[in-house]
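In what follows, chains carry the letters A, B, and so on, assigned in the order in which the sequence lines appear, proteins first and then strands, with residues in each chain numbered from 1.
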2 protein chains.
Amino acid sequence: MPAINEGRMGLNSDGEKGDTRRGRETGTLGKLMALVDHVALADGPMRFTDILSLSDQPRGTLHRQLSHLVEEGLLEVDRDGRYRLGIRLLNLASRSWARNEFRAVAEPHLRHLQELTGETVHLGVLRGSEVIYLDKVEGRQSVRMYSQIGNASPAYCTGVGKAALSALDDLDLAGRIAALEFRAYTAHTHRNAARLLADIVEIRVRGYAFDREEHESGICCVAAPIRADDGGMLAGVSVTGPAYRVTSQKLQQWAPLVVAAADSIMTDMRNRLGPKR
Amino acid sequence: MPAINEGRMGLNSDGEKGDTRRGRETGTLGKLMALVDHVALADGPMRFTDILSLSDQPRGTLHRQLSHLVEEGLLEVDRDGRYRLGIRLLNLASRSWARNEFRAVAEPHLRHLQELTGETVHLGVLRGSEVIYLDKVEGRQSVRMYSQIGNASPAYCTGVGKAALSALDDLDLAGRIAALEFRAYTAHTHRNAARLLADIVEIRVRGYAFDREEHESGICCVAAPIRADDGGMLAGVSVTGPAYRVTSQKLQQWAPLVVAAADSIMTDMRNRLGPKR
DNA sequence: AAATTTCGTTCCAAATAATGGAACTAGAGA
DNA sequence: TCTCTAGTTCCATTATTTGGAACGAAATTT
């Protein structure tokens, strides 16, 4: 009832989608998606009251909002009244994935890169200051191939993420870095903006990024940036493997291959988009 | 590289009750999700005007709605102004999938069933009159393992779908059948409610369902129903393979294995849910 | 090159849907 | 039985969405 949003509108210099969670000017949808987020980020199914405590809204309002979300299939509720993400999301995502032309164009190149190196290849896109993995190609794949696709990881401590960040212009980069919270996933994780920036400067010079156990202990990778040019979208490819097998020399040796794959993907994208523009 | 099972998915992406597309009482969210549906069902990216012609709304209104959807990441727009599904959906779906306890409980059983039969095993849940595939285990898996997961297929001509339908009570079954549109995917597809009902009666007696090239030529399967009991949810497991390899005798021989797997999954689910209820 | 049509975007009074307080029901415990 | 907590429904008030109209920019035509 109070005029909550007095001041926020005008000054909103949101050129970027740095998802600050506060600046969302999306009215009703924003409120509803915030609820979906709460459910998505929780460890398990949530009861009505759990959600109530996270979203300071009156019970009546929350109840209607959740009902609408359930009705639309974005959430599901079991007979114990516990809410979880709805299966419609899986269905929509599967369409989104199947029809993603960037992914489709990249796929053969990922596979080729996988064959050249024998290690796992990832394709991820930058969204805000996170990387979302779009595809993954493993060699003698273990069972859970599906696992990584759709996952989000912080851009500042992953190979794909840093590669993508390095392709931003300085202004945009500064904006996204400002939105970061540095967290020490491992002993090698960058702890502040200065270290990250230094790394990114190197990456720009070299043309590729390393991740030496910055996100996960025992996991290293080389990655190269892709300017997808489609919607100003930035992405990256990487070759990833366990540190005991993937030595620094191997990473160095693979770097040109990764860069070549990234370049091929860019070229193919441009060709597919046609001589337009 | 080949998208093996590229869906011919239903016209009707929304399940739940008799989805008259008009009766959605979900206010603003309903209107917005209808737009998402339009984009999801289109063959490719859509221009503003394409969507405008499908959704009879004023240009100004549509523009704001699409902006909100883009802002929230449910849709994306490239610099040519073409809309497609947003990558946030992939991220949400990946969480939804990873945390789905039903899927997690079923997984070892699917794997076991795959080893016993050597053919592909599917897990799907019933949503409205469609089946959405939750998991898939292939033997020497080819590349596109991901493909089927999240896909929707009509319940009336798939093994998993018919098995799940057979576990409904008569009233509910009648309701869902009434909502069906029969389409002849192959020469063996049921063409009307009577044939389908007769099949379902047999399935109830036997305890398992066959699909002999009803949805896709050259593809057969045996499936058993799972009463997930979680939210009144119904599901099914199936073993699927090419007709030249999967003979009628084999299907018969596998039937008890499939039923056993379904039963094990049910038991595990009940145990995990605890002695509650 | 000017004129016209199409496409996309912005604005604001009017219409509509969301809000939030309160009243109500159902279960669980004491 | 009574009380407490969890969840659901109701309805006047308020905020958000709506839709027409007007605007700017491209593309197409004259």
Indicate, with yes or no, if the rings of Phe182(A) and Tyr156(A) have centres closer together than 6.0 Å.
yes
Are Leu134(B) and Ile149(B) close enough that some pair of their side-chain heavy atoms sits under 4.5 Å apart?
no
Rounded to the nearest angstrom, tell me the gap between atom CG in Leu62(B) and atom P in dG19(D).
11 Å
Among side-chain atoms of Asp268(A) and His109(A), is any donor-acceptor pair under 3.5 angstrom?
yes
Can you confirm whether the side chains of Glu72(A) and Thr26(B) place a donor and an acceptor under 3.5 Å from each other?
yes
How long is the line joining CD of Gln57(B) and P of dG8(C), in whole Å?
16 Å
Would you say Leu173(A) and Leu197(A) make side-chain contact, with heavy atoms under 4.5 Å?
yes
Rounded to the Å, how far apart are Leu32(A) CG and dA15(D) P?
18 Å
Ranking dT16(D), dT18(D), dG19(D) by distance to the side chain of Lys31(A), first place goes to dT16(D)
Verify the contact: side-chain N or O of Gln65(A) to OP1 or OP2 of dT19(C), cut-off strictly under 4.0 Å; return yes or no.
yes
Contact under 4.0 Å: Thr28(A) side-chain N or O vs dT17(D) OP1/OP2:
yes
I want to check something: taking the side chain as every heavy atom from C-beta on, are Leu75(B) and His68(B) in contact at a cut-off of under 4.5 Å?
no
Nearest whole angstrom, please: distance from the C1' of dT16(D) to the NE2 of His68(A).
14 Å
Spell out protein contact along nucleotides 4-12 of chain D as letters: B when the base is contacted, S when just the sugar-phosphate is, - when no protein heavy atom is under 4.0 Å; keep the 5' to 3' order.
--SBBB---
Please state how far atom CG in Leu66(B) lies from atom C1' in dT17(D), giving the value in whole angstrom units.
14 Å
